[in-house]
Structure formats: C-alpha cells, structure tokens
Amino acid sequence: MALELVALVKHDCPVCDQLLPVLDAAAAGGAPVRVLSQSDAEETAGQAARLGLSFVPPLDDELALSQRYDPDAVPALLLLDGGVEQGRVEGIDRGRLAELAAQAGVTLELDALPERRPGCASLTRDPRVAASLAARAARREGRIRSRPIEIGGLEDPFEALFDRGLTDGLPVVPPTPERVVAMLEHTSRDPGDVVGIVPPYDGEATVEKVAINAVMAGAPPAALPVVLAAVEAACAPEFALHGLVATTYPAGPTVVVSGPYAQEIGMNAGGNCLGQGNRANLTIGRGLQLVVRNVGGGRPQEEDRATHGQMGKVGSCFAELADGAPWEPLAQARGVAAGETGVTLMATEAPRAIVDQLARDPDGLCASLALALESVATPKQRLAFDALLVVGPEHGRVFREAGWDRAQVQAKLHELTHRRAGDVVRGALGSPEGVDPRFVTDPEMPVAKFAAAERILLAYAGGDAGLFSMVFGGWASGEIGSAPVTRSIEPWR
Amino acid sequence: MALENLEILDPTPERAAAGLPLAAPMRGEARIALVDIRKPRGDVFLDELERLLAQKGHAVERTMKPTFTKPAPADVRREIAARCDAIIEALAD
C-alpha cells in the first residue's frame, strides 16, 4: 500500500486555518494528501471559502477516523501506510511536519508557518460529542438494547416523562443514551445481565434497565453498583417484594449501605442522613423505587394498595457511620466479607425519633429504646413486625464505652420488650387488638414483641450532637412476610 | 435555533400486556373455589359467601394461601384450575 498523509481539521481552529492552505496546495499539486473535516458540511464549506482553498475538505463521517486515531488536538497530520499509522504531528511543528511529509515523499511549503504552535482540542474531546459518540457506539455494538423513545422538539421532556407515566410524581432526569452509557461505565457487568425479576408483573431488570431508572432518579453515575445490589436484594424471594408493593401497610424498602464505597460516592451517614440534602442517599432509594414502578409495574393506587403510604416510599436510603462505631457494620453482621460494601434492605415504615437525654449506662438506654420499640405498629401487636433501630453517635458512645456488642444490645432489647400477656391480650386496656386469648393460658406469662433478638436490626448513623436514635418499624416479617436481605455490591462493580 | 428531538431510553421491560379474553358467563351449577388469603376475619366473609353459593346449588371448594403477604403458590393455583370452574378471591382489608 502507498503511504499517504491524512489531516484531521475543524472549522473553528485558527491553527487549522494556518496549516490548511499548505495541505491544500500540496493536494492540488497531486501529492497523496487527504484532508478530513470534523465540522459539519456548512461549517467546512465556510472555512474553505474563507481560506480560498481549491478543495472543500470532505467530512469525517460520524468522526470515524477521528475516533480511530483519537488525536488530542487538531490539526492532526497522520502518516498512514494502508491505514496503519506510521507517525503523526498534532498542531504545528515545522521540523516534524517536514520530516513526516518527507517520509510520504511529499514536500510541504511550510515557510509561512510559525515554528511551533499547539493545536485546538479535537472535536472528539468535546464532552458532549464524546458522550454522543460513546452512546452511538454502545447502540451499534449491542450494549444498549432498550427501545429509543423520541420526544418531540416542541415537547418539554420533563412534562413528556410525566405524561408517559414514568415518574414517581417528582421530575426525573431524561434517560438519554449518553447519560445511561456514562452510568454504565461504573459497572464491569454486561448491560444485558439480569439483576432480578421484579414483581408484581415480573419485569426483567437488566443492568441496562436499572441504569436507565437510576439516571432518571438523578443518581450519581458511580452509585450504579449500589442501586444494582439493592435491586438484587429486593428481588430475593424472602424479601417478598410482591406483597410489599401490594400491601395496604405504609411500608417500602429501606436501603442501608455499609462500607467504604458509601463514602466514595459521597453518601451521608452523619447529620441529617435520613433527611434531605444528599444526592446519593436520596437517589439510590429513589432509583430502586423507580425500578419497582417502571420495570415491576407497581404503581400507587393501582397495584400499590397502601392506605396512606409515607414519604420514604419515594426512596429511603442512608449510609452507616464507620468512625466510632460500637460494633461491626450491619452488612458484616449479616455475612458480607470484611472490607466489602454491602446493602441491607428491609421493608419499613417511616422512621421516628427516640429521645433519651439522661441515660449514661447501657441498661438504662436499652430500657428507653425498648419502650419506643414496643410501639411499632401498636404495643399490642406482637411477633409480627421487626424493627430497624438506627443508633445515633451519642447513644452509640454509651454502648461503645461499656463494651456492649451488637448481640448484647439486641438480647437486652429483646428481653426488655416482653410484656405480660394480660396487658397485650385482645380487649386489654380497652383495645380490641392484641394477642388471641386462645394463646394466653396465664395472664402473667411474658409475650415477646419481636420473634427473636436478631429481628431487631441495629444500624449506626447520625450527626455528632443529639441524644437520639431512630426506629423504623418493619412490615409483616419473617417467613409470613418480608425478611431483611443483605447483598455485597462487589459483584456489581 | 432548530428544535431537535430528544432520544431517551425506555425504562420499562417493553412487554405488551397479554390481553386475555373474558371467560363466557357461567350457566347452571358450578364448582367454585373460595380462597382465604389469611387476613383476620376473612373466614367470616367466606363462610357467608359459601352459604349464599350453596343456596344457589353451587359446590364450593375452600382453600387458602400460606400467607397473605405472598402470591398463592403455583401448586395451589394449579389445583384450583384443575378442580373448579370459577374462583372468588378478594383483596383484603
């Protein structure tokens, strides 16, 4: 194959303006020099007219050559031998340009050019162009398979997404291929891999579909592995997501993230961690719920029969504090290897504060916490509901300084949440709710609130100041309902 | 400035809902399944339904799900389909 010189240029680059007449003259003289423009036809014609070129450079369609040879800057003069690059000069460097041209047997008239001048950024380095090229490549290579939906130029994309029933009532970020492809960069998994089958209509949640919904939720791209692990956990049979969607109870999935990746993506485990203000916290939980809606088909007042619901059903997610923790992270307590980041999902109602500003010993603090735990659902509901207790740092310090580990606190809380049967039987305290009298042989017998000590899940999070903890009541729990599920995020990174 | 279309990706599983035709109205006596989904006092409601159906000469098969929080297991559904002409199952609460 013959050697040839190929130049990549763009219309709005003054350095290209300087080199182009030189290349044009050489090509007009019959030298093997090809110039390709990264700009569009109109811009390229304008540049050619402005510079008085004898040829209007053809376009580098879809920036195919620019992508292939991937210059940082233009003008980029490439010496190709049958398409194989033998050398290049980016920008102007008279000495090297002359050398490269000589290798191709071409003489360039370089005297009018500056000795050296750096070029302009190649159009492929424009972030928007790069994103668009990456998206087109993903579609071409089959990494993106979802149906494209065209939103007309006269439509407001935010309104269009509401109108199509794809949002949770808040605006969503339009899931353009560019945004989805950028998010998929944060997992090594194939976009076609199945993360889970999502009830109630058993929609297949592929990595790609989860990424689309996570983009819509506004999730930071690096949060994708956490959303993927949360979807995997939600689809585990023991989580009973079908029932959780359909129930009249105001419960939804709460996601607790434990481990170093939570910090890497900027999650909040400190002050206001259950509140507003942190993008990752808010959007991971929301991304999961958008998957439930858009992939599973669970919509409020349709499949979702919640009597009241609660704001956490938009999304409920927080990270655990690592510093000063009185015990190992929740994910590690539930089987995730040390050092790995894990998500724990639990079906919960909204959180509520527990105040104890006076306890300085673990027994007293447990007594206060137990009183509040009794009120999950109502104090007369026994054994059917679990709880997620989020211990704040000022309460956690009491346990840490006393050397109480997780199991010891759980055991104490379980012990202190027993009530005499006579107080929790149907009709006691004037309330018809309660334990079926058939099971009460002795009014003095103790009846547990929780089915086991470990059914009181403990997480550690919150701001430095405030002698408070928070409790999330569970939903129908264990084998008859939903059991918490923990998954490592490592398989999704 | 030209108004360009915006391309977004479909966030749904892209399946058309499988529309099933309604069954023909039942004539005469039938075998009807009543499914107790295990909510409190569901039995009171179903007892009354059974009485009314029996008055009309229908045979009734009572069955139940293991728990109200989860869909009926496949074998329960299959057994009802094999043994009964119709099913009455109501949402709880």
Side-chain angles (χ1 to χ4, degrees), chain A residues 135 144-155 157 160-161 164-166 172 174-180 198-206 208-213 215-216 237 240 242-244 246-249 290-291 293-297 305 307 347 475-477 479-482, chain B residues 1-23 33-50 62-82 86-93:
Chain A
I144 288 285
R145 298 205 179 108
S146 287
R147 181 172 70 103
I149 299 174
E150 288 288 326
I151 295 181
L154 292 173
E155 283 186 281
L161 283 155
R164 284 166 172 78
L166 299 173
V172 291
T176 59
E178 290 81 3
R179 292 188 177 117
V180 173
V198 189
Y201 294 119
D202 290 347
E204 194 177 74
T206 58
E208 179 183 351
K209 290 295 180 190
V210 174
I212 293 170
N213 282 280
V215 164
M216 291 170 69
H242 186 115
L244 183 61
T247 183
T248 45
Y249 206 65
L290 284 174
V291 168
R293 179 189 180 97
N294 289 328
V295 180
R305 304 308 301 172
T307 309
W475 175 56
S477 63
E479 284 189 7
I480 62 132
S482 174
Chain B
M1 190 181 128
L3 288 168
E4 285 183 21
N5 287 359
L6 178 71
E7 181 185 319
I8 62 166
L9 298 176
D10 189 341
T12 76
E14 302 175 36
R15 288 184 313 197
L20 293 174
L22 284 176
L34 294 181
V35 182
D36 186 339
I37 68 163
R38 294 239 174 162
K39 274 276 184 158
R41 296 180 59 81
D43 53 342
V44 177
F45 176 68
L46 294 178
D47 286 349
E48 182 63 12
L49 265 187
E50 181 172 359
R62 295 283 288 264
T63 181
M64 59 173 59
K65 300 202 303 181
T67 167
F68 62 87
T69 61
K70 299 179 187 181
D75 52 355
V76 171
R77 298 200 298 263
R78 217 167 285 136
E79 196 174 316
I80 293 169
I87 174 175
I88 298 177
E89 186 186 23
L91 278 176
D93 303 84

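The sequence lines fix the lettering, A, B, ..., with proteins before strands; numbering per chain opens at 1.
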Contact origin within Glu150(A) toward chain B - heavy atom pairs under 4.5 Å: both
Greatest number of heavy atom pairs closer than 4.5 Å to chain B - which of Gly296(A), Ala240(A), Pro175(A): Pro175(A)
Spacing of Leu9(B) atom CG and Ile212(A) atom CD1 [to the nearest 0.5 Å]: 4.5 Å
Full working for side-chain contact (heavy atoms from CB on, under 4.5 Å) between Phe68(B) and Thr247(A): CA-CA 9 Å; Phe68(B) 62 87; Thr247(A) 183; 5.7 Å; no
Proximity breakdown for Glu479(A) and chain B, heavy-atom pairs closer than 4.5 Å: backbone
Distance in Å, Arg15(B) CZ paired with Asp202(A) CG, rounded so as to fall on 0.5 Å steps: 7.0 Å
Over 12 foreign heavy atoms within 6.0 Å of CZ, Arg78(B): no
Member of Val295(A), Val291(A), Asn294(A), Leu290(A) meeting the side chain to side chain contact (heavy atoms under 4.5 Å, CB included) criterion with Pro11(B): Asn294(A)
Contacting region of Ile149(A) [heavy-atom separation from chain B under 4.5 Å]: both
Closest-packed option against chain A by number of heavy-atom pairs under 4.5 Å, given Asn5(B), Ile8(B), Leu6(B): Ile8(B)
Which atoms of Tyr249(A) approach chain B - backbone, side chain, both or neither, heavy atom under 4.5 Å: neither
Which atom of Gly203(A) lies closest to which atom of Pro13(B), heavy atoms considered: CA-CG, 3.8 Å
From CA spacing to verdict: salt bridge (Lys or Arg N to Asp or Glu O under 4.0 Å), Lys209(A), Glu14(B): CA-CA 10 Å; Lys209(A) 290 295 180 190; Glu14(B) 302 175 36; 2.5 Å; yes
Atom pair CZ/OG1 of Arg293(A) and Thr12(B) - distance to nearest 0.5 Å: 12.0 Å
Point-to-point distance, once rounded to the nearest 0.5 Å, from OG1 of Thr69(B) to CG of Leu244(A): 10.0 Å
